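Working notes, beginning with the structure itself.
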Amino acid sequence: MIEVRHLSKHFGRTVAVNDVSFDVSRGEVLGFLGPNGAGKSTTMRILTGYIPPTSGRASVAGIDLVEDSLAVRRRIGYLPESAPLYGDMEVVEFLRFVAEIRGISPGETRERIARMVKRCGLDSVIGRSIHHLSKGYRQRVGIAQAMIHDPDLLILDEPTSGLDPNQIIEIRELIRELGREKTVILSTHILPEVSATCDRVLIIDEGAIVASGSPQELSASHGSGEGVTITVRSSDPAGCGDLLRAAPFVSEVSVADGSADGLVSIEIFGTEQSGLGEEVFRFAVANNWTLAELRTEKASLEDVFRSLTRKEASVE
Amino acid sequence: MNNIWTILRKEFRSYFDSPVAYIYITFFLVLSSWLFMRGFFLVGQASMRGFFGILPWLLLFFVPAVTMRLWAEEKKLGTIELLMTLPVRDHEVVLGKFLASFFFLVVTMALSFSIPLMTALLGNPDAGPVLGGYFGAVLLGAAYLAIGLFVSSLTENQIIAFIIAVTLTFLLFIVGEEFVVYSAPSALVPILKFLGMGAHFDSIGRGVVDSRDVIYYLSVVGFFLYLNVRAVESRKWK
Ligand SMILES: Nc1ncnc2c1ncn2[C@@H]1O[C@H](COP(=O)(O)OP(=O)(O)OP(=O)(O)O)[C@@H](O)[C@H]1O
Ligand SMILES: [Mg+2]
């Protein structure tokens, strides 16, 4: 469905997208994940024909983006970041405008709008001026606008930003439902969203793809093993940390300071994929520690994201 | 073609969706009537000459106020990204917006027809000069609109768009006037005289429609609409 090859975009000296290549197959839901300024929106703008790439090429359904931008745009529904809409129009008037430009006949427009209203839950605001809508409803109107011509490919830039938790769940369900028949590319900062909606994830940092795969694959392959957090009663937290560091099954230890009533929380990362919890427990018993709590955590997508884009995070 | 029509209708309607249109129209009518009446009672002559003499200066402020929003707001609110990723060609959007503002101008002009009607009743002047004058004013207005629309595409600030458009239009209007030409090197004089928008309006304002003046105004419109398309495309050059 989409073929992207060595795509780059420079803004003066800023390299917003740096030699990116990927494919998206029909019916796939692909998530762009990355910190602020990673180049997610820029990549989407190139795919929707808003700006051309500095170098490289991309095609949608076999049509080259630069050669026949109009034909590509006909096949795409796009929700730009933060859903810019014409505030002075009424919701229905706006949807009619988009439908008309999309070449939908007046007779069919009515039915399409009715379908979008139902699908995106717009019944209560259909006659209202877009100015007066809440952020979440604007976002929904933006999604309705993107789907009105029933495109094969939907590109949604942060579709759930600004929505309340109920709406987030509704929109995610909508995206999952759409993903059964359509190709969807979405971007997000929210990690659980990726696991909830995407078949595949591209983690983008500083314009380049740093990892790609299904959410499960990513947590498995890039996770730094298991993590265990223990809380012990100790007057010498640093000593406990040193003891642990010397243990063969441990790769990394961090001791939280500021222990309240003698309780110390220690985070431990193991060298093996599993069994760390038992090892730590035995170690604590052998050293006669009073164990108040022991918690095992699987490496999550969050850890993967943090470890791959940490440079960015530490600057902020 | 259909897209131009769709955009034209959307933009035209959005003038009337806010009170702005009514303010513009009222302002234009009141001011032009007042200016006209003053001349009428002072000179005691029912002629449109005075009115058409003032019209270019009125339009100088009226037209940039009509066009300032058209691109600047799209840029400011980011709707330009939505619009330009729809399957429309850049020139279709430019033409749609231009024609919408043009029709708005024509509507306003048509409303100000109350003035020549009144003069016709009072003094019975020739219909020719009045029609010629209006024709010229529409052409001049179209040239102003094209300039204003182009300027609006250069900024996301409507006020700046307004100020720059007034300035640029003013400069283009006076560039052929005697006091400008006077200090210019003699080789440039015919060129300046030809480029000045004011000189071309003088004869039309008297009711004499010369095809060279018409072609001149249409060229100005074409030139600035072309620049406008290039400016919209310029997002692709970075
Ligand atoms: N029109 C532009 N002119 C100059 N620089 C730009 C332009 N658009 C984007 N950039 C730069 O390109 C980089 C990538 O921006 P982009 O908007 O694609 O990031 P993003 O991943 O969408 O970030 P966010 O998560 O904050 O939306 C940033 O450094 C940004 O400053
Ligand atoms: Mg973005």
Side-chain angles (χ1 to χ4, degrees), chain A residues 9-12 14 16 41-42 44-54 65-66 68-90 93-94 96-106 129-131 138 141-142 145-146 148-149 151 155 157, chain B residues 1-24 66 68-97 100 104 153 156 158 229-238:
Chain A
K9 180 73 191 179
H10 301 217
F11 292 107
T14 319
S41 299
T42 305
M44 291 184 158
R45 287 192 180 123
I46 295 171
L47 289 178
T48 52
Y50 183 62
I51 49 174
T54 308
L65 270 183
V66 180
D68 197 350
S69 157
L70 226 46
V72 171
R73 281 184 265 164
R74 281 199 193 95
R75 283 175 169 73
I76 296 181
Y78 177 40
L79 172 73
E81 191 168 359
S82 69
L85 307 171
Y86 293 109
D88 56 355
M89 294 178 109
E90 284 171 10
E93 193 185 352
F94 172 69
R96 214 180 286 135
F97 168 71
V98 175
E100 205 173 318
I101 294 233
R102 292 285 186 190
I104 300 169
S105 71
S129 181
I130 291 176
H131 264 314
R138 292 173 56 102
V141 174
Q145 161 278 132
I148 197 146
H149 57 303
I155 297 185
D157 201 348
Chain B
M1 209 45 220
N2 281 338
N3 288 339
I4 299 177
W5 177 235
T6 306
I7 288 165
L8 192 170
R9 281 193 358 258
K10 171 193 165 289
E11 295 291 354
F12 188 74
R13 193 182 311 168
S14 81
Y15 278 118
F16 294 94
D17 277 348
S18 68
V20 177
Y22 305 100
I23 294 172
Y24 285 166
V66 169
M68 64 183 185
R69 204 192 92 253
L70 287 170
W71 282 112
E73 195 172 63
E74 300 256 13
K75 292 183 121 182
K76 177 157 196 161
L77 301 180
T79 46
I80 189 169
E81 187 171 343
L82 186 89
L83 182 63
M84 301 321 279
T85 51
L86 289 172
V88 286
R89 294 182 172 87
D90 295 356
H91 74 259
E92 291 174 332
V93 182
V94 170
L95 276 177
K97 282 177 182 284
F104 181 67
S153 73
E156 52 182 57
Q158 295 189 37
V229 174
R230 304 295 297 182
V232 174
E233 270 175 13
S234 72
R235 68 175 192 275
K236 300 183 176 172
W237 302 341
K238 273 194 263 181

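Below, chain A is the first sequence line, B the second, and so on; all start at residue 1. Here the structure is a predicted model, which means the values were calculated and not measured. Note: hydrogens, waters and symmetry copies are ignored here, and every other heavy atom, side chains too, is used.
- Put simply, the side chain of R235(B) never gets that close to the backbone of I51(A): no donor and acceptor are under 3.5 Å apart.
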- Using the salt bridge (charged side-chain N to carboxylate O under 4.0 Å, His left out) rule, take K10(B) and E100(A) through it: C-alpha gap first, then chi angles, then the decisive distance, then the call. CA-CA 11 Å; K10(B) 171 193 165 289; E100(A) 205 173 318; over 6 Å; no
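- Once rounded to the nearest 0.5 Å, the distance linking CG of L47(A) with OG1 of T85(B) reads 12.0 Å.
- Just one of R74(A), H149(A), R75(A) meets the side chain to side chain contact (heavy atoms under 4.5 Å, CB included) condition when paired with P87(B); it is R74(A).
- Of the two parts of E74(B), only the side chain, counted from C-beta on, holds a non-hydrogen atom closer than 4.5 Å to a non-hydrogen atom of chain A.
- A distance-only check finds no donor-acceptor pair linking the side chain of R89(B) to the backbone of L70(A) [under 3.5 Å].
- Atom CD of E11(B) is separated from atom OH of Y86(A) by 7.0 Å, given to the nearest 0.5 angstrom.
- Counted within 6.0 Å of NZ on K76(B), heavy atoms from surrounding residues, nucleotides or ligands total 12 or fewer; the atom is thus considered open.
- Across all non-hydrogen atoms, the minimal contact from L82(B) to Y78(A) is CD1-O, 4.5 Å.
- Listed options E73(B), M84(B), E92(B) were ranked by heavy-atom pairs under 4.5 angstrom with chain A; first place goes to M84(B).
- Listed options D17(B), L77(B), N3(B), L86(B) were ranked by heavy-atom pairs under 4.5 angstrom with chain A; first place goes to L86(B).
- Annotation: N2(B), atom CG; neighbour count of heavy atoms from other residues, nucleotides and ligands within 6.0 Å does not exceed 12.
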